[in-house]
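Take a look at the structure set out below.
This structure is a prediction, so every number in the text was calculated from the model and none was measured. Worth knowing before you read on, the calculation uses all heavy atoms, side chains too, and leaves out hydrogens, waters and symmetry mates.
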Amino acid sequence: MVESEPMEASNSPRLSAVVLGVMQDAGLPHAGCRCRRCVRAYDDPQVAGYAACLALVDRRRTPPAVWLVDATPDIKYQLNFLAETLGVTDERRLRPPAGILLTHAHMGHVGGLMHLGNEAMAVRDLPVYASPGLVG
């Protein structure tokens with residue numbers, strides 16, 4: 001897994017960006033792939049990687065507001081990693097993000113939306129922003 005320390009925004013220590021993934025849409029390893037890199041990632045989860053995603057954290061609000069840039073198929077792992085990074089330990093269930101910004105319609109950018117439904121997080125009234133071309 002590719003991990004990152006939170007990078008503080010230059011203008012305010014109360015705003016930060018947390019890199020939650022840097023891999024292409026399917027992450028690493030790829031389903032059905034037996035190349036050396038994927039086999040190594042299957043054998044050692046420490047070298048696996050999540051699909052590209054960024055969390056924008058606004059600590060000016062209580063509790064902090066988290067905006068996700070893209071909702072990847074790895075979102076359940078990424079939200080857990082984000083909770084650990086932010087030191088969230090006292091909740092039985094994570095709060096949903098304040099909103100999601102979708103950059104485009106590839107599966108690696110929208111595939112995580114399914115984890116927000118009733119069968120998983122049961123999120124209600126979550127703002128999801130996308131360009132007109134994505135939704136039209």
Side-chain angles (χ1 to χ4, degrees):
M1 175 175 73
V2 177
E3 295 184 8
S4 170
E5 292 297 317
M7 298 182 300
E8 298 297 326
S10 59
N11 294 341
S12 172
R14 299 185 48 120
L15 299 174
S16 62
V18 181
V19 177
L20 300 176
V22 297
M23 303 302 294
Q24 58 85 13
D25 290 3
L28 182 75
H30 297 211
C33 186
R34 300 296 300 160
C35 77
R36 284 184 297 194
R37 189 171 183 205
C38 286
V39 168
R40 183 168 176 240
Y42 279 118
D43 291 343
D44 182 2
Q46 293 299 317
V47 298
Y50 298 144
C53 184
L54 183 69
L56 305 173
V57 181
D58 183 354
R59 290 185 183 90
R60 298 173 299 180
R61 299 168 84 180
T62 303
V66 173
W67 294 81
L68 293 181
V69 178
D70 291 325
T72 80
D74 298 320
I75 195 170
K76 62 184 175 181
Y77 302 107
Q78 291 167 321
L79 289 175
N80 189 58
F81 172 67
L82 180 61
E84 291 174 2
T85 300
L86 297 177
V88 175
T89 58
D90 59 343
E91 296 183 39
R92 292 181 40 85
R93 192 163 196 63
L94 295 176
R95 278 185 304 281
I100 297 177
L101 311 162
L102 299 176
T103 60
H104 60 288
H106 289 166
M107 73 100 172
H109 302 266
V110 300
L113 293 174
M114 69 180 180
H115 292 287
L116 304 176
N118 288 336
E119 299 81 1
M121 281 188 86
V123 173
R124 299 247 187 263
D125 301 320
L126 174 71
V128 177
Y129 300 92
S131 66
L134 185 102
V135 295

*Looking at side-chain heavy atoms only, is the closest gap between L28 and C38 below 4.5 Å?*
yes
_Once rounded to the nearest 0.5 Å, what's the spacing between atom CD of Q24 and atom NE2 of H106?_
11.0 Å
*Any sub-3.5 Å donor-acceptor pair from D74's side-chain atoms to A51's backbone N or O?*
yes
_T103 OG1 to H109 NE2 distance, which is reported to the nearest 0.5 Å_ = 5.0 Å
_If I compare all heavy atoms of A120 with all of H115, which pair ends up nearest, and what's the gap?_
CB-O, 3.0 Å
*asked:* I'd like to know if the side chain of Y42 and the backbone of A48 have a donor-acceptor N/O pair within less than 3.5 Å.
replied: no
_Point-to-point distance, once rounded to the nearest 0.5 Å, from CG of D70 to OG1 of T72_ = 8.0 Å
*May I ask you to test the V19-Q78 pair for a side-chain heavy-atom distance under 4.5 Å?*
no
*List the steps, then state whether side-chain contact (heavy atoms from CB on, under 4.5 Å) holds for M121 with L79.*
CA-CA 11 Å; M121 281 188 86; L79 289 175; 3.7 Å; yes
*asked:* For a 4.5 angstrom cut-off between non-hydrogen side-chain atoms, does R59 reach L86?
replied: yes
*Sub-4.5 Å side-chain heavy-atom contact between L82 and E84*: no
*Euclidean distance, I75 CD1 relative to N80 CG, rounded to 0.5 Å*: 12.0 Å
*Is there a side-chain contact between L20 and Y50 (heavy atoms, below 4.5 Å)?*
no
*Do L113 and L94 belong together in a cluster built from hydrophobic side chains that touch within less than 4.5 Å?*
yes
_For I100, run the side chain to side chain contact (heavy atoms under 4.5 Å, CB included) check against V110, V123, L116 and tell me which one passes._
L116
_hydrophobic_cluster_shared for M114 and L101, side chain cutoff 4.5 Å_ = no
_Residue pair A65 / R61: nearest heavy atoms and the distance that separates them_ = CB-NH1, 3.3 Å
*V18 pairs by side chain to side chain contact (heavy atoms under 4.5 Å, CB included) with which of L56, L54, V66, V57?*
V57
